[in-house]
Amino acid sequence: MDPSPVPETSQNAQASGDQSGAKWLRPGLKKIPPYWYPYTTMAKGRWLGREILEVVSTEFRDRSMEFYRYALESGVTTINGKVAKPDTIIRNGDRIENISHRHEPPVTSTPVRIVHHDKERDFIVIDKPGSIPVHAAGRYFRNSLVEILKNDFGFEKVYTVNRLDRLTSGLMILPLNAALANTLTQEFVNGRVRKEYIARCKGKFPEEEVVCEEPLLTVDRQMGLNIVHPEGKHAKTIFKRIRYDENTDTSVLHCRPLTGRSHQIRVHLQYLGHPIANDPIYSDPRIWGENLGKGGIDITPSEERSAPQAPSQFQFDAASNPESLHKGTDVHPLQAEGGSDGESDKPRPKLLPRETGHDIGMGSPVPLSAEAVGIITRLRNMKDEAEDWGRWRDVVFRAKGKLTPHGVSIPLPPQNKRKRGGPAFSTAEITEMQGELSGAQATNDAGLADAATTGSMEPVDEPPKTQITLEDVAKLSITTPPISETTTPQAESSISPSPSATPIPHYAAPDPVITEAASSGPGSEDMQYCPECFVPLHPDPKPESLYIFLHALRYTTSLGTFETDMPEWASEGWEWER
C-alpha cells in the first residue's frame with residue numbers, strides 16, 4: 001500500500017514550547033579554516049578553442065575580472081604541466097591543474113544523520129541537512145556530503161544515485177557497491193521510486209489536489225536557473241496542502257514529483273503562484289516582479305545584453321572598473337591587416353563576453369528572451385551585492401606575490417603516470433601535501449578548531465594573524481618590493497607556487513577611484529582580508545539563509561520504504577527571521 005501523506009494535524013517533535021508563539025531551536029554555523037589545495041580537471045567540451053581567461057571568468061563570478069587575470073599571470077594554473085597565461089587556448093585533451101587557497105563557505109551545524117545502514121545489502125539511508133552540496137563543487141569540498149561521509153563516517157565510496165540540491169534537505173539512499181547502484185539508478189530513471197517531499201510555500205495554497213505538468217528547461221548553469229519552456233523536458237508534480245498558517249501567510253505542502261527534473265518542485269510551485277517561501281532564486285519580487293513568475297515568463301528570443309554594473313555602493317569609471325580588462329589599447333583587426341580609414345584606424349577594445357554581458361545565455365540550449373536576460377542579470381547583481389560583492393573590492397593588486405603557497409613546491413606528475421581524467425595526485429599524496437602546506441599554520445588551525453562550529457574567533461596564545469584589515473593591505477603595498485626585482489624566472493615546464501621561484505608581474509598601485517571604492521560601502525570599516533591570498537572575508541550569514549523550506553521526506557523503492565522526521569519548519573505556526 002502506498003504511504004499516505006502526512007496528516008494536517010502532524011506536529012514536529014523537535015519544535016518546543018507553545019505553538020502560538022513559540023521559539024524554536026535554530027542551527028548554528030559550521031566553518032572550516034582556509035587551506036591550500038591542488039586539483040586537476042580535463043578540458044570540457046564547452047571550453048575548447050577558447051582563451052582560459054574567458055573560460056574562467058564566465059564559469060566563475062566569485063572575483064573580479066582583474067583578479068582572474070592576475071591569478072593566471074601569477075602562475076598558479078598550468079595546462080599539461082606548463083604555466084597557463086590568460087590568452088592560452090584550451091585544446092581537446094588538455095589537463096588543467098590549479099592550486100588555490102580554499103575559503104569554503106559556512107554551512108549549518110545541523111549534522112548529517114544516518115537513518116539506516118543495511119550491511120547485508122550494502123547501502124545506507126541518510127538525512128542530509130540543507131546548505132551542503134552532495135558533491136564537491138565551486139567553493140565547497142570538505143563541506144560536501146561525499147567528503148563528510150568519508151571523513152566523519154568512514155564510507156570511502158558511496159554512489160549518489162539520487163541527488164538533492166544544496167539548499168534542499170532530506171532523505172537520500174546511497175548504495176555502497178556498483179551493482180546495487182546500477183539497479184537503483186534504473187528504478188529512479190524508470191519512475192519506479194515513489195518520492196515524497198514537504199515544502200512551505202507562499203500564500204494560501206488550494207485545498208484540493210493540484211497537478212502541474214509544465215516542461216522545464218535549464219537556461220543558466222551559473223545561476224542554476226530553470227524555467228517553464230515548451231522546449232524543456234516533461235515534468236509532473238502532484239501537490240496536496242497539509243495546512244495553512246495565517247500568521248506567516250504560508251502553506252505546508254505534501255509534494256510528489258513523478259519525474260526528476262532539476263528544481264522541479266521549486267519551479268512548478270513558482271509557476272502555480274506559490275513559490276517556496278524562502279527560496280532565494282524563485283520567490284524574490286526584486287528578480288521576478290510582483291507576479292513572482294506566476295504562469296511563466298515571455299520566451300520571445302532577444303539579443304539585448306548589457307555590461308555588468310557595479311553594486312550601487314561602488315562607482316567606477318571605464319578606466320578603473322575591475323570588471324573591465326581592456327582600456328581601449330587593443331588594435332582593431334582591420335588595422336592589423338592594413339585597413340586605413342574611418343573608425344577602423346582607431347584602437348578598439350577586445351572585450352570578453354563577461355565584460356559585455358554576452359556570457360548570459362552562452363550555456364542556454366535556446367535563445368533567451370529579454371525577460372529571461374533581465375532575470376538572470378538581476379540574479380547576478382543581487383548575488384554580487386550580497387554574498388560576493390567583495391569581488392568589487394579586490395585589493396590583491398596592492399601587494400603582489402601573496403597569492404600562492406609560501407615556500408612550497410608541488411611538482412606535477414608526468415602525463416603518462418595517470419589515466420586520462422584521473423586525479424593529478426593520489427589521495428595519500430594530497431594528504432601529505434596538505435600537511436606540508438598547513439604546517440606553518442598549525443598553531444592558527446588549533447586556535448580555529450573550536451571556532452569551527454561556534455563562529456567564535458577568540459585568540460589562543462596569540463596565534464598568527466588570521467585576518468588583516470584594509471590598512472594592513474595598504475601598508476604591505478608600500479613595504480613589499482616589486483616581485484620582478486626579487487625573483488628569478490623559472491622555466492614554464494613545471495609549476496612552483498613559491499613566490500621566491502615564480503615570477504609574478506608587478507602592477508602599479510590602483511587608481512584613487514578604486515582605493516576610495518574599496519574603503520567605502522556597507523561594512524567597510526569592519527572588512528577583513530585573508531593574509532594568505534587577500535580574498536575579502538565576508539561576514540557570517542544567517543543559518544536560515546543557507547537552506548530552503550524543501551525536504552525529501554519519504555522514498556519507496558524495491559529496497560523498502562524509508563523516511564525521515566518532519567522538518568521543524570513544517571510545524572504549525574513556525575516563524576523565521578526574514
Discussion item. With a 3.5 Å distance limit and no angle check, can you tell me whether Trp569 reaches the backbone of Leu550 through a side-chain donor-acceptor pair?
Written reply: no

Worksheet item: Which residue pairs satisfy the side chain to side chain donor-acceptor pair (under 3.5 Å) criterion with at least one member in residues 359-379, sequence neighbours excluded?
Response: Asp359-Arg380

Worksheet item: CD1 of Ile96 to OG1 of Thr40: how many Å apart, nearest 0.5 Å?
Response: 8.0 Å

Worksheet, complete the sentence: One should read off an interatomic distance between Asn162 CG and Leu171 CG, to the nearest 0.5 angstrom, of 7.5 Å

Fill in: Residue pair Tyr555, Val125: steps toward the side chain to side chain contact (heavy atoms under 4.5 Å, CB included) verdict
CA-CA 10 Å; Tyr555 285 171; Val125 180; over 6 Å; no

Worksheet item: Atom NZ of Lys128 and atom CG of Leu149: how far apart are they, to the nearest 0.5 Å?
Response: 11.0 Å

Worksheet, complete the sentence: Contacts of Thr88 meeting side-chain hydrogen bond (donor to acceptor under 3.5 Å, both in side chains) (sequence neighbours excluded), chain-then-number -> none

Item to complete: Give me the ring orientation class for Trp36 and His101: parallel if the planes are under 30° apart, tilted from 30 to 60°, perpendicular past 60°.
Response: tilted

Item to complete: Drop me the distance from Met362's CE to Leu368's CG, to the nearest 0.5 angstrom.
Response: 12.0 Å

Worksheet item: What are the two closest heavy atoms between Gly203 and Ser251, and how far apart are they?
Response: O-OG, 2.7 Å

Discussion item. For the OG atom of Ser283 and the CZ atom of Arg266, what is their distance to the nearest 0.5 Å?
Written reply: 9.0 Å

Worksheet entry | Full working for side chain to side chain contact (heavy atoms under 4.5 Å, CB included) between Leu167 and Ile281 | CA-CA 11 Å; Leu167 300 176; Ile281 295 181; 5.8 Å; no

Practice prompt. Tell me, please, which residues at least two apart from Tyr140 pass ring-ring contact (aromatic ring centres under 6.0 Å, His included).
Written response: none

Worksheet item: Are Arg261 and Val267 side-chain neighbours, meaning at least one heavy-atom pair lies under 4.5 Å?
Response: no

Fill in: Donor-acceptor contact present, side-chain Asp284 to main-chain Arg286, <3.5 Å
yes

Discussion item. Could you check whether any side-chain N or O of Glu355 sits under 3.5 Å from a backbone N or O of Leu352, counting only pairs where one atom can act as donor and the other as acceptor?
Written reply: yes

Item to complete: Could you tell me whether the side chain of Val373 reaches within less than 4.5 Å of the side chain of Arg305, counting heavy atoms only?
Response: yes

Item to complete: May I ask you to decide if Leu72's main-chain N or O and Thr77's side chain share a donor-acceptor pair within less than 3.5 Å?
Response: no

Worksheet item: Do Pro285 and Leu292 have side chains that get closer than 4.5 Å, going by heavy atoms?
Response: yes

Discussion item. Does this structure show an ion pair linking Glu59 with Arg46, if we count only N-O contacts that are shorter than 4.0 Å?
Written reply: yes

Worksheet item: Is the backbone N or O of Lys202 less than 3.5 Å from a side-chain atom of His274, with the two atoms forming a donor-acceptor pair by type?
Response: yes

Worksheet item: Any side-chain heavy atom of Asn143 within less than 4.5 Å of one from Pro105?
Response: no

Item to complete: Could you please spell out the steps behind the side chain to side chain contact (heavy atoms under 4.5 Å, CB included) verdict for Leu145 and Val158?
Response: CA-CA 10 Å; Leu145 177 66; Val158 296; over 6 Å; no

Fill in: Ring geometry between Trp576 and Phe549 (parallel below 30°, tilted from 30 to 60°, perpendicular above 60°)
perpendicular

Worksheet entry | Minimum heavy-atom distance Thr58-Val55, with the two atoms named | OG1-O, 3.1 Å

Discussion item. For a quick test of reading the model, state the closest non-hydrogen atom pair linking Ser262 to Leu216 and the distance between them.
Written reply: O-CD1, 4.3 Å

Fill in: NZ-CD distance between Lys294 and Gln270, expressed to the nearest 0.5 angstrom
12.0 Å

Worksheet item: Any sub-3.5 Å donor-acceptor pair from Glu104's side-chain atoms to Arg142's backbone N or O?
Response: yes

Worksheet entry | Heavy-atom side-chain contact between Asp249 and Tyr244 under 4.5 Å | yes

Fill in: Row check, Tyr68 ring normal vs Arg354 NZ/CZ: under 6.0 Å, within 45°
no

Item to complete: For residues Val134 and Thr160, report the shortest heavy-atom separation together with the two atoms involved.
Response: CG1-CG2, 3.5 Å

Worksheet, complete the sentence: Leu29 and Pro106 have their tightest heavy-atom pair at CD2-CB, 4.3 Å

Worksheet item: Is there side-chain contact between Ser169 and Thr564, with at least one heavy-atom pair below 4.5 Å?
Response: no

Fill in: Candidate pair Lys30 and Val107, rule side chain to side chain contact (heavy atoms under 4.5 Å, CB included), full reasoning
CA-CA 5 Å; Lys30 175 186 175 184; Val107 297; 3.9 Å; yes

Worksheet item: Considering all heavy atoms of both residues, which atom of Pro206 and which atom of Arg241 are nearest to each other, and what is their separation?
Response: O-CB, 3.7 Å

Worksheet item: Can you check whether Tyr547's main-chain N or O pairs, donor with acceptor, with Asn278's side chain at less than 3.5 Å?
Response: yes

Worksheet item: Is any side-chain N of the basic residue among Lys542 and Glu577 closer than 4.0 Å to the acidic one's carboxylate O?
Response: yes

Discussion item. Between Asp540 and Lys31, is there a side-chain heavy-atom distance shorter than 4.5 Å?
Written reply: yes

Fill in: Results of ring-ring contact (aromatic ring centres under 6.0 Å, His included) for His263 - residues two or more places apart only
Tyr282

Worksheet item: Would you say Ile299 and Val366 make side-chain contact, with heavy atoms under 4.5 Å?
Response: no

For residues 232-239, which side-chain donor-acceptor pairs fall under 3.5 Å, sequence neighbours excluded?
residue : atom : partner : partner atom : Å
Thr237  : OG1  : Gln264  : NE2          : 2.8
Thr237  : OG1  : His268  : ND1          : 2.8

Worksheet item: Got a salt bridge between Arg578 and Glu544, using NZ or NE/NH1/NH2 to carboxylate O under 4.0 Å?
Response: no

Discussion item. Which residues pass the ring-ring contact (aromatic ring centres under 6.0 Å, His included) test with His551, not counting sequence neighbours?
Written reply: none

Worksheet entry | Whether Asp165 side chain and Thr168 backbone form a donor-acceptor pair below 3.5 Å | no

Worksheet item: Can you find a side-chain donor-acceptor pair between Thr250 and Arg200 that sits under 3.5 Å?
Response: yes

